[in-house]
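This report concerns only the one structure given below.
These numbers come from a predicted model, not from an experiment. Below, each value reflects all heavy atoms present in this structure, side chains not excepted, and no hydrogens, waters or symmetry copies. All residue numbers in this chain count up from 1 along the given sequence.
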Amino acid sequence: MEKIKMRKAKSITIREGSEKFYKWCRVNNYSDYTTNFYKKAIHNFSLFYDLDSPVSDINRDLMEDYALYLADRGISSMSVHTYLRGVMRIVNYLADKDIIKRFTITMPKVETPVKEGGKEEVGNGIYG
């Protein structure tokens, strides 16, 4: 009797993996606003990396390079954090489906601007 040969599944692209995630969002009744957030995150990532590359290319080093790419372009730390969070949600979905290997990244520290007090705040306290 001849042995059955198992073929490895064809590697999907980042674009195909993203489409699977968007479908999952629709099935799970995510709002259009939320789904569009993830689409924008992938669009921004596509300016850095080709979405027709194998999804298996996504790893910690690539995501750290992406964070540096954003920072070098003058993107605020808050926006870098937001872009990474969006892409990493899709990456984690793909890892949950055993499409790619799970990894973690350290999210960049977000610089919070210090708000200056306005005139309306002066003298409004108990001690005037």
Side-chain angles (χ1 to χ4, degrees):
M1 179 174 217
E2 188 175 333
K3 289 184 179 180
I4 298 174
K5 295 179 183 178
M6 300 296 287
R7 281 189 271 159
K8 287 186 176 180
K10 176 185 165 237
S11 178
I12 65 172
T13 65
I14 297 169
R15 185 181 317 279
E16 292 167 332
S18 299
E19 291 298 327
K20 286 180 179 290
F21 177 76
Y22 305 146
K23 178 181 176 182
W24 178 84
C25 286
R26 285 192 313 270
V27 167
N28 287 284
N29 205 26
Y30 279 52
S31 72
D32 289 340
Y33 177 82
T34 300
T35 304
N36 286 333
F37 164 75
Y38 293 120
K39 287 181 179 181
K40 287 177 185 175
I42 285 297
H43 170 74
N44 287 324
F45 184 73
S46 76
L47 301 175
F48 165 74
Y49 202 76
D50 184 6
L51 295 185
D52 292 321
S53 300
V55 74
S56 58
D57 283 1
I58 301 176
N59 58 33
R60 179 180 294 126
D61 286 338
L62 180 65
M63 295 308 295
E64 288 173 351
D65 288 346
Y66 179 51
L68 291 174
Y69 164 82
L70 293 170
D72 289 346
R73 294 186 108 48
I75 306 294
S76 73
S77 61
M78 178 66 84
S79 293
V80 170
H81 187 275
T82 301
Y83 294 156
L84 285 174
R85 186 172 45 90
V87 175
M88 285 305 296
R89 178 61 186 100
I90 296 170
V91 167
N92 288 331
Y93 164 82
L94 296 171
D96 289 345
K97 299 296 182 189
D98 292 324
I99 295 172
I100 62 173
K101 186 177 178 183
R102 182 173 303 282
F103 65 91
T104 59
I105 63 169
T106 302
M107 297 302 269
K109 187 176 180 179
V110 176
E111 297 172 12
T112 307
V114 177
K115 294 182 181 179
E116 294 184 28
K119 290 181 181 178
E120 63 277 357
E121 294 180 22
V122 177
N124 289 339
I126 295 173
Y127 301 107

Got a sec, which pairs hit salt bridge (Lys or Arg N to Asp or Glu O under 4.0 Å) with one end in residues 85-97, sequence neighbours left out? Asp96-Arg102
Could you check whether any side-chain heavy atom of Phe103 comes within less than 4.5 Å of a side-chain heavy atom of Met88, counting everything from C-beta outward? yes
What residues form a side-chain hydrogen bond (donor to acceptor under 3.5 Å, both in side chains) with Thr106, not counting sequence neighbours? none
Do Leu47 and Leu68 land in one hydrophobic cluster if side-chain heavy atoms of ILVMFWY residues count as linked below 4.5 Å? no
What distance do Ile75 atom CD1 and Asn44 atom CG have between them, rounded to the nearest 0.5 Å? 8.0 Å
Sorted by chain and number, sequence neighbours left out, salt bridge (Lys or Arg N to Asp or Glu O under 4.0 Å) with Asp57 holds for none
Report the distance from atom NE2 of His81 to atom CG of Leu70, rounding to the nearest 0.5 Å. 13.0 Å
Please name all residues satisfying side chain to side chain contact (heavy atoms under 4.5 Å, CB included) with Lys40, sequence neighbours left out, ordered by chain then number. none
Tell me whether the count of non-hydrogen atoms from other residues, nucleotides or ligands lying under 6.0 Å of CG in Asp32 goes above 12. no
Set of side-chain hydrogen bond (donor to acceptor under 3.5 Å, both in side chains) partners for Ser76, sequence neighbours left out: Ser79
When Ile14 is tested against each of Pro54, Ser46, Ser53 for side-chain contact (heavy atoms from CB on, under 4.5 Å), which residue passes? Ser53
To the nearest 0.5 Å, atom CG of Leu94 lies from atom CD1 of Ile99 at 5.0 Å
Once you round to the nearest 0.5 Å, how far does SG of Cys25 lie from CD1 of Ile90? 7.5 Å
Cluster overlap Met107 with Tyr93, hydrophobic side-chain contacts below 4.5 Å: yes
Can you list everything that forms a ring pair (Phe, Tyr, Trp, His ring centres under 6.0 Å) with Tyr66? Sequence neighbours excluded, please. Phe45, Phe48
Does any part of the side chain of Val55, heavy atoms only, come nearer than 4.5 Å to the side chain of Glu16, both counted from C-beta? no
Can you name the nearest heavy-atom pair linking Leu51 to Thr13, along with the distance? O-CB, 3.5 Å
Hey, could you give me the CD1/CG distance between Ile105 and Asn59, rounded to the nearest 0.5 Å? 11.0 Å
Quick check: does any side chain N or O of Asn28 sit under 3.5 Å from a backbone N or O of Tyr30, one acting as donor and the other as acceptor? no
If hydrophobic clusters are built by linking Ile, Leu, Val, Met, Phe, Trp and Tyr wherever their side-chain heavy atoms come under 4.5 Å apart, do Tyr22 and Val27 end up in the same one? no
Side-chain heavy atoms nearer than 4.5 Å, only ILVMFWY residues, links allowed to pass through others: does that put Tyr38 and Tyr33 together? no
Looking at every heavy atom in both Thr104 and Arg60, which two are closest together, and how far apart are they? O-NE, 2.8 Å
